[in-house]
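Quick caveat, the model's predicted, so the values are computed rather than measured.
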Amino acid sequence: MPVWSRDPEEREEYGYGLGEPAGVLVLKYRSSGGIGFGESRQDFLHQLYWSPDGPLATSQGFITAPREAYWVRRAVSHEVRAGDRQTVYRMCLREVPPTLAGLRAGPVPIDGEAARLIELIARRDCDETAALAARRRITAGLGAPPGRGPSGTGAALTVARALARDPADPTHLDEWAARLRVSVKTLQRDFVREFGMPYTQWRTKLRVRAARVLLCFTPVTQVAPLVGYASPSAFITAFTKEYGYTPGRTAPRAHRT
């Protein structure tokens, strides 16, 4: 399965119980200039892609939302890309988690503990017994209905997932509140609880983070409207304010979201 990157990628590999149905192989990739898993398929293993640093874009037209990973069943062709300075974990499994039995490919909710454990087993000091126990917990934490977040009502997460699918969606906070049948104040508070910032600020961050992925294979002039900006100049201003460098330039080595 080919991996594309602007710079030579760093790759680490961790295998536990390989050859057994309940085994797991975890690959960890890092790149300073964007990383992509080009058009590929795996006929023997199911795969889960997850990044702690930002969204992933896929050839099926999805951009993952907060607390989402991307699931692909074996023998399904796919392409996944991440933005610059992202770490991407790819779990390879022989068994399908029960909650994903009907899904060929697509974004899936991943709870906080499952995400933490993916990072834990991608380390040299994790022994096989602990890793296989973590693997069981990880697969149990995939695809379950997201419900509410750790401290909110669930309304902000619902909006976040909708906006991840379409970062250019112009819907205002009061319109979202009406759709979800909650007050504007409740929805705004939910965004602060879940993401530590109000709706407008979070939407801007989502848009520029999604843009970092899209910029790896799409020109600035096309990315701007895709993420909700009326002009390239407005997009460039927002992107530069967030990251300290302009679109099209590789992130400084010291920078990390």
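- Residues Ala114 and Ile138 come closest through the heavy atom pair O-CG1, 3.7 Å.
- Phe235 has its side chain out of reach of Arg207: every pair of non-hydrogen atoms, C-beta onward, lies at least 4.5 Å apart.
- The list of side chain to side chain donor-acceptor pair (under 3.5 Å) pairs with a residue in residues 219-231, not counting sequence neighbours, reads Ser231-Ser233.
- Proximity of Glu68 to Val108: side-chain heavy atoms (C-beta onward) are nowhere separated by under 4.5 Å.
- In this structure, Phe191 and Tyr199 have perpendicular ring planes: the angle between them is above 60°, well past the 30° mark.
- Counting only heavy atoms from C-beta outward, the side chains of Leu48 and Leu142 approach each other to under 4.5 Å.
- Just one residue in the list Val223, Leu214, Val208, Thr240 forms a side-chain contact (heavy atoms from CB on, under 4.5 Å) with Pro247, and that residue is Thr240.
- Annotation: side chain of Gln47 is not in contact with side chain of Arg73 (no heavy-atom distance under 4.5 Å).
- With contacts defined as side-chain heavy-atom distances shorter than 4.5 Å, the pair Leu18/Val24 does not qualify.
- Less than 6.0 angstrom separates the ring centroid of Tyr29 from the ring centroid of Phe37.
- Residues passing the side-chain contact (heavy atoms from CB on, under 4.5 Å) test with Ala130, sequence neighbours excluded: Cys126, Asp127.
- Evaluation of the side-chain hydrogen bond (donor to acceptor under 3.5 Å, both in side chains) rule for Glu113 yields Arg116 as partners, not counting sequence neighbours.
- At a threshold of 4.5 Å between non-hydrogen side-chain atoms, the residues Arg85 and Arg212 count as touching.
- Across all non-hydrogen atoms, the minimal contact from Leu93 to Gly23 is CD2-O, 4.1 Å.
- The closest side-chain heavy-atom distance from Trp71 to Pro107 is not below 4.5 Å.
- Looking at every heavy atom in both residues, Ala211 comes nearest to Val227 through N-CG1, 4.0 Å.
- Between Leu215 and Phe239 there is a side-chain heavy-atom pair separated by less than 4.5 Å.
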